[in-house]
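This one's a predicted model, so the numbers in the text were calculated from it and none came from an experiment.
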Amino acid sequence: MENITTNFLHDIIDKDLEKKPNLAIQTRFPPEPNGYLHIGHAKAILINYLIAKKYNGTFNLRMDDTNPTKEDIEYVKSIKKDVEWIIGESLDDHLYYASDYFDKCYEYALKLIRDGHAFVCDLSADQLRNYRGTLTEVGKDSPYKNRTVDENMKLFVGMMNGEFLDGSKTLRAKINMESPNIVLRDPVLYRIMRATHHNTGDKWCIYPMYDYAHPIQDALEGVSHSLCSLEFKNNRPLYEWVLNKLGYGEFPKQREFARLNISYTLTSKRKLLKLVEKKIVDGWDDPRMTTLSGMRRRGYTASSILSFIEEIGVAKSHSVVDIAQFEHSIRNELNFEANRIMTVLDPLKVVITNYPDDKEEFFDVLLNPNHPDRGTRILPFSKEIYIERSDFMIEPARKYFRLFPGNEVRLIKAYFIKCHDYKVDSNGKVTEVHCTYDDASKGGQSPDGRKVKGTIHWVSIKHAHTCQVNLYDRLFTKENPSAIDEGETILDNVNSDSLIILSNAKVEPYLKEALPNDRFQFMRNGYFICDQESKPGKPVFNRIVALRDSWAKKSKG
RNA sequence: UGGGAUGUAGCCAAGUCGGUAAGGCACAGGGUUUUGAUCCCUGCAUGCGUAGGUUCGAGUCCUGCCAUCCCAGCCA
C-alpha cells in the first residue's frame, strides 16, 4: 500500500537518517498490563508500527510491567491479542517484558550508586512529598543524600535482600532539588514492594520505577525512537539523564505526540474500568466500549481503524476528533465490502390483495453490486410481506415518498405496489397494510416508464426468519463524557438508549446461515455483524453503524 | 504562581529557504440512482489566538499579551 501521509515524527527520523544513514529504525509500543487497550492505544500502536514499516525497521510490543500491584496476566493476554489484531501480524517473536530487564536494571543501579549518582533515602512517602517542594517552591535535599557510596551500596543490597519494610526506603537519583522541573527533583528509582510479579514471581521485593526502567529497556532492545504521548515531555530530561549517567553515548530519542480523543467517547483505562465495574456495560468487550476488544465485537475492522488513524494525522496539539470522522472510516470500507441483504427491523404486515394466494416467486439477486463475482442469493416473494413500520404513514409528512394510502412505491428487486387500505387496532396503531401490485413491474421496473419516488425493502412473511438484532448507539450523550455538572458523575452522561434489543426482526432466509463475524449491509438500515457468540442457525446481529440518513435529518429538522 | 507544551474553518490537519492558506470529516446546494445509501459536481478561512514590529511582501521572522493542556505517585 502506498502511504503518502507524513508527519513531524517522519521528519525527525528523516533528519536522523541523513546524519546516520545506517541507523536501524526500531520502535515499540509499551503498554502497562493493567487494563484493556482502547482506541487511543490504536493510535500509539499504529504510529510506532507504521514507522517501523516505512523505514524497514523493527516494531516490538513490550509489556511495561514494573508495578506488580497493578498488573495482571489477563491483561497481557488481551493486550497481545489486540495489538496483533490492529497490525494484522503475529508478535510471537516481538514480545518483550520490562521484567526481562530487572537484573540489568539492578546492576545499573549499583553502577549509579558507585558513581555517586544515586543514594538510598529513608524518607517516608509523606516526608518526601514535603521535601519535594511545590510548583512554585523549590525542594530541599534529603538528609540522607550525603551517605557514602559504601553505605548506599550496603543499604541498597539490603533492600534487594528484603531486609527492610515496604516503603521504608527508596533509591533516589541525585539530580537537583531546585530544578523547576519537578521530575528532576531527585526522583525515586527503586521502591520496596513485596508483591508477586506475574513473570518473576517472588524473586524481587524491589521494583524499578518507570522513569528509570523505561530508558534502560529501550536502550537494551535497540530502540532508535521512543515515541510516547505528550504528558511524558517533562520526563524526557530524566530519560536522557539515566542513559547519560549509565554511559550510553548514543541512545534512543524520546519524542512525544498528542494522544487521541474522540467526541462522545472515553479514552481512559480508569474510566472504562469503572463502566465495567458498575455494570453499565457487559464487560470490557461490550460492543459499545471503545476498547479494541469491544470495537472488534461491534464489528469494526482493523483496516478501518488503520485508515481512520491515517486520516486524522499525528501532531502535538490537544485535539478532539469528531466521532463522525471515525464512523466515516468504517462506512467507507463496508460500503464497498459488505454484501447487501434485506432485513425488516420493526415489521409491519403488508397484504398484496391481487397476488395469488399460494403463489411464490424466487428472484436471483446480486449479493453485492460492487462484487458481481460473489454471485447471487435466492430472494423469495409471496402474497404477504413485512415492511419497515417507518415506511408507512397514514398521513404522509411533507416530502414523504414511502408508502401511504394512494401512493405507489417500489419493493426492491420485486414489484411496484400501491396502497389502497390499512387496518388499525383500538389504539390507532397500524396492524396491516393492503396493497395491489403491478404484475408488469416485475424486477422493479415498469415497462410504461412510470416512475416511483420511493423504494423500500421487504421480507416475505412465509419465508422470513426471526432474529435478534442489537442496535448499538454511542454510549454517552455528551460530546465530552468527562465534563460533569455539579454533583454528577460520568455515569449521568451515559446514553440510556445506547442499546436497543430487537427480538422480532425479520430476515431473508439467506441470513439464517450467517456465520459469526460475517458482516452485511442491511439495506437502508446500516451495517451489521453476526455476533461472535451466535449459535449455528440462530444468528444474532449487532449494528456496527447506521447508514447516513439525510431523510432522518430533514424530517427532524 | 515555577517549568514544559499547544493555538490555521464546526472537527482533524498540511503549510520545507518569508512570495500571497493542501487534503479529509461535517455541513449546504445540484446531478445520477431499484438503498432518501453510494457515486459525481459545486460551495465552505481577504485570513492563520491576539496586539504591535521588521519587510516590497509575514501563517511563516521579532516583541508583548491572551487561552488551553501537562507536571507537586514510593503510578505509567
Side-chain angles (χ1 to χ4, degrees), chain A residues 5-7 11 30-32 34 64 66-67 69-71 98 121 123-125 128-130 132-139 166-172 179-185 187-193 206-207 209-211 213-214 228-237 256 258 260 262-263 269 308 310-329 331-332 335-336 340 342 369-370 399-402 410-414 416 441 443-445 452-457 479 521-526 546-555:
Chain A
T5 63
T6 166
N7 59 51
D11 295 342
E32 182 185 18
N34 67 344
D64 212 338
T66 55
N67 185 351
T69 63
K70 299 197 170 180
E71 295 145 10
C121 181
L123 254 24
S124 71
L128 178 53
R129 187 159 44 248
N130 291 329
R132 186 157 33 225
T134 67
L135 295 179
T136 51
E137 300 160 58
V138 298
D166 282 15
S168 62
K169 284 183 171 37
T170 55
L171 182 72
R172 291 223 270 155
S179 171
N181 181 354
I182 294 178
V183 170
L184 296 179
R185 315 242 259 232
V188 172
L189 268 22
Y190 263 96
R191 74 282 218 190
I192 304 173
M193 183 188 271
I206 57 171
Y207 290 95
M209 299 289 289
Y210 164 86
D211 280 319
H214 204 84
C228 59
S229 48
L230 247 26
E231 63 263 37
F232 289 99
K233 184 67 209 281
N234 292 334
N235 303 54
R236 188 152 111 196
E256 309 81 14
L260 171 64
I262 302 181
S263 60
K269 277 189 209 168
F308 168 70
E310 286 185 320
E311 280 164 15
I312 60 173
V314 181
K316 298 212 277 188
S317 57
H318 317 282
S319 57
V320 181
V321 178
D322 191 336
I323 182 98
Q325 178 110 32
F326 181 64
E327 292 177 342
H328 163 78
S329 301
R331 282 199 191 104
N332 195 39
N335 172 53
F336 184 70
R340 268 123 246 238
M342 291 194 284
N370 298 316
K399 291 217 172 175
Y400 183 83
F401 43 79
R402 275 110 96 149
R410 169 170 35 234
L411 296 175
I412 291 176
K413 295 292 173 188
F416 284 6
S441 64
Q445 272 172 309
V452 291
K453 290 200 80 173
T455 300
I456 64 175
H457 59 281
E479 214 171 294
Q521 184 199 93
F522 288 179
M523 294 182 85
R524 301 209 307 135
N525 270 322
L547 253 30
R548 285 182 64 200
D549 189 350
S550 58
W551 166 249
K553 272 177 208 154
K554 205 183 298 177
S555 56

Within the structure shown, what part of the strands sits under 4.0 Å from [X] by heavy-atom distance: base, sugar-phosphate, or nothing?
X       : result
T170(A) : base
F416(A) : nothing
F401(A) : base

Listed nucleotide nearest any side-chain atom of [X], set [options]:
X       : options                : answer
L128(A) : U68(B), C74(B), C71(B) : C74(B)
A315(A) : C27(B), C71(B), A14(B) : A14(B)
M209(A) : A76(B), G36(B), C12(B) : A76(B)
R524(A) : U35(B), A13(B), G24(B) : U35(B)
Q521(A) : A72(B), U35(B), G24(B) : U35(B)
T134(A) : A72(B), C12(B), G36(B) : A72(B)

Quick one: is [X] getting a side-chain N or O under 4.0 Å of the [N] phosphate, OP1 or OP2?
X       : N      : value
S124(A) : C74(B) : no
R132(A) : C71(B) : no
R172(A) : C74(B) : no
T6(A)   : A14(B) : no
S319(A) : A13(B) : yes
S550(A) : A37(B) : yes
K233(A) : A5(B)  : yes
N67(A)  : C75(B) : yes
R340(A) : U35(B) : no
K316(A) : C69(B) : no
R236(A) : G3(B)  : no
R191(A) : C75(B) : yes
H328(A) : C25(B) : yes
R185(A) : G2(B)  : no

Exercise. If you measure from the Lys or Arg side-chain nitrogens to the Asp or Glu carboxylate oxygens, is any gap between R236(A) and E256(A) under 4.0 Å?
Worked result: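 Salt bridge flag = yes for E256(A) with R236(A).
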Roughly, in whole Å, what's the span from [atom1] in [X] to [atom2] in [N]?
X       : N      : atom1 : atom2 : value
E327(A) : U38(B) : CD    : P     : 13 Å
I323(A) : C25(B) : CD1   : C1'   : 12 Å
K399(A) : G36(B) : NZ    : P     : 15 Å

Expressed as a whole number of Å, how far does the [atom1] atom of [N] sit from that of [M]?
N      : M      : atom1 : result
U6(B)  : A13(B) : C1'   : 14 Å
G7(B)  : A51(B) : C1'   : 16 Å
U20(B) : C39(B) : C1'   : 35 Å

Problem set entry | Side-chain H-bond candidate by donor/acceptor type, N181(A) with N234(A), under 3.5 Å |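 Checked: N181(A)/N234(A) side chains show no N/O donor-acceptor pair below 3.5 Å.
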For this session: Check the surroundings of atom CD in Q325(A): do more than 12 heavy atoms from other residues, nucleotides or ligands lie under 6.0 Å from it?
Result: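 Yes, CD of Q325(A) has more than 12 neighbouring heavy atoms, counting only those of other groups under 6.0 Å.
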